[in-house]
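Some notes on the structure that comes next.
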Amino acid sequence: MNINGHTKVYGIIGNPIGHTMSPAIHNMISEALGIDSVYVPFVANDDLKSIVKGLFSLGVKGINVTVPYKTAIIYELYGVEPMAMEIGAVNTLQYTEHGYYGYNTDILGLERELKDENISLTGRDIVLLGAGGAARAVAFLCASKGASSITIVNRTLNKALDIRADVAAYAAKNGRFDLSSNVNAITFKELGSIPYNDITVFQCTNVGLAPDSEACVVHDSTFYRKVAVGVDLIYRPAETMFMRYVRSAGGASYNGLKMLIYQAVSAYEIWNGVAVPDVVIYDVERSLA
Ligand code: NAP
């Protein structure tokens, strides 16, 4: 990497930030494409107003935002893409002359992973394990892609109820009254009452993340027998306990590595106005797997 007076600077803000893989992904893409830019991590604090003002004054062309600032950042932006506004979370800022414009490329990343794996959400019964920021984005993606039901399962019921209300309202606003009355919120104790078979499940909790690789939020084999497709948003370890349960019961399982890479690729494409070639994406995936 040759940093010079013309090198464009990009980065990610969050706290903590030490675990982020985004610099590795973005810098690998720049190197492969011969684009003169560098991507660096910034540990942020709650004073997002000053942070955004400083980055803007320095002309930083693109910024990713991670935990815990994906919602609070919205108040500092010039504008936000409609779906990101519905979700209430932004992870990508693009410099414009009026201020930063916000996108949610987490959702674009998952959409691209599902397309790669030939996983369709249309007409599917969806179960989300977890009701944090990631589950909220997945719930909106499922609603926008024609799911027939969405069941949000969470330890803390109130958080599942909040997503339920917002997604049901979004479905009704878009004329999906069938889905609007089929968004459910339950706790793990009620998992046995789910009336659907052949379900698509997204594992959106932190449980099972390395080094707690043997942990899983659900152990019930009756549940796994109903799972046709299981996607774990976790990407470390490469095969989580949840994925193993799905596979053992005969379902297809996927981890969240492609989602992670594609959210970075989508941000890169927004910032640079290029399409990152598949061969570069494949090389990035191979180096991180
Ligand atoms: P978050 O907002 O902090 O939500 C965490 C979720 O996990 C909540 O539903 C929480 O339940 C649940 N949870 C945590 N510990 C639990 C336990 N011991 N038992 C049961 N439930 C538990 O986090 P997030 O941003 O949604 O991220 C969730 C996961 O998705 C993380 O592992 C993250 O790495 C992954 N992720 C991956 C990508 C990707 O690109 N692949 C992108 C985003 C996120 P309560 O509400 O009850 O606390």
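Just so it is clear, the values below take in all heavy atoms, side chains as well, and ignore hydrogens, waters and symmetry mates. Numbers here are sequence positions counted from 1.
- Within the 3.5 Å criterion, the main-chain N or O of Ile194 finds a donor-acceptor partner in the side chain of Lys226.
- The nearest pair of heavy atoms linking Asn255 to Ala238 is ND2-O, 2.9 Å.
- When the side chains of ILVMFWY residues are joined at heavy-atom separations under 4.5 Å, either directly or via intervening members, Met28 and Leu257 end up in a single hydrophobic cluster.
- Using a distance-only test at 3.5 Å, with no hydrogens or angles considered, no donor-acceptor pair links the side chain of Thr66 to the main chain of Asn91.
- Ion pair Asp162/Arg164 not flagged as a salt bridge, since none of the NZ, NE, NH1 or NH2 atoms sits closer than 4.0 Å to an Asp/Glu carboxylate oxygen.
- Two residues are said to be in side-chain contact when any heavy atoms from C-beta on lie closer than 4.5 Å; Asn64 and Trp271 meet this criterion.
- Counting only distance, with no hydrogens or angles, the side chain of Asp198 and the backbone of Ala228 share no donor-acceptor pair below 3.5 Å.
- Annotation for Lys8: atom NZ does not count as buried by contact number, only 12 or fewer foreign heavy atoms lying within 6.0 Å.
- The heavy-atom pair separating Gly132 from Ile163 by the smallest distance is O-CD1, 4.1 Å.
- For OH of Tyr78, the number of neighbouring non-hydrogen atoms (other residues, nucleotides, ligands) closer than 6.0 Å is 12 at most.
- Put simply, the residue from Val280, Ile35, Ile25 that forms a side-chain contact (heavy atoms from CB on, under 4.5 Å) with Tyr268 is Ile35.
- Grouping the Ile, Leu, Val, Met, Phe, Trp and Tyr side chains by contacts below 4.5 angstrom, directly or via other members, places Ile51 with Val9.
- For the pair Tyr39 and Ile29, the minimum side-chain heavy-atom distance is 4.5 Å or more.
- You'll find the side chain of Leu128 stays beyond 4.5 Å of the side chain of Asn154, heavy atoms only.
- When each of Tyr224, Phe188, Tyr245 is paired with His219, the ring pair (Phe, Tyr, Trp, His ring centres under 6.0 Å) condition holds for Tyr245 and for no other.
- Side-chain atoms of Glu269 come within 3.5 Å of backbone atoms of Val276 as a donor-acceptor pair (strictly under, hydrogens ignored).
- A donor-acceptor contact shorter than 3.5 Å links the side chain of Ser193 to the backbone of Glu190.
- Residue Tyr196 is not grouped with residue Val138 when hydrophobic side chains (ILVMFWY) are merged at heavy-atom distances under 4.5 angstrom, including chains of intermediate members.
- Between the side chain of Arg176 and the backbone N or O of Ala147, at least one donor-acceptor pair lies under 3.5 Å.
- Judged by distance alone, the side chain of Asp212 and the main-chain N or O of Ala215 form no donor-acceptor pair under 3.5 Å.
- Side-chain heavy atoms closer than 4.5 Å link hydrophobic residues (I, L, V, M, F, W, Y) into clusters, and following such links, even through other members, never connects Val229 to Val201.
- For the pair Glu113/Val231, a side-chain contact is recorded, criterion being any heavy-atom separation below 4.5 Å from C-beta on.
- The minimum heavy-atom distance linking Met21 with Tyr235 is given by the pair SD-CE1, 3.4 Å.
- Inter-residue side-chain proximity for Ile261 and Arg112 is flagged as unmet; no heavy-atom pair is nearer than 4.5 Å.
- Annotation for Asp178: atom CG counts as buried by contact number, over 12 foreign heavy atoms lying within 6.0 Å.
- Residues Gln94 and Thr92 bring no donor and acceptor atom of their side chains to less than 3.5 Å of each other.
- Closest non-hydrogen pair, Ser148 versus Gly123, comes out as OG-O, 3.2 Å.
- The ring-ring contact (aromatic ring centres under 6.0 Å, His included) check on Phe56 picks up Tyr95, Tyr100, with sequence neighbours excluded.
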Given the rule in the side-chain contact (heavy atoms from CB on, under 4.5 Å) test, do Lys49 and Asp47 qualify, once you have shown the distances and angles that lead to the verdict? CA-CA 5 Å; Lys49 194 173 277 311; Asp47 187 6; 4.0 Å; yes
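- At least one side-chain heavy atom of Gln263 sits under 4.5 Å from a side-chain heavy atom of Ser22.
- Side-chain contact between Tyr10 and His26: absent, with no pair of heavy atoms (C-beta onward) separated by less than 4.5 Å.
- In the hydrophobic clustering of ILVMFWY residues, with side-chain heavy atoms under 4.5 Å counting as a link, Ile152 and Val207 come out apart.
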Asp106 vs Leu110, side-chain contact (heavy atoms from CB on, under 4.5 Å): CA-CA, chis, key distance, verdict: CA-CA 6 Å; Asp106 285 331; Leu110 181 59; over 6 Å; no
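- Between Glu76 and Leu93 there is no side-chain heavy-atom pair separated by less than 4.5 Å.
- To the nearest 0.5 angstrom, Thr151 atom OG1 is 9.0 Å from Leu191 atom CG.
- In terms of heavy-atom proximity, Ile150 sits nearest to Ala143 at CD1-N, 3.8 Å.
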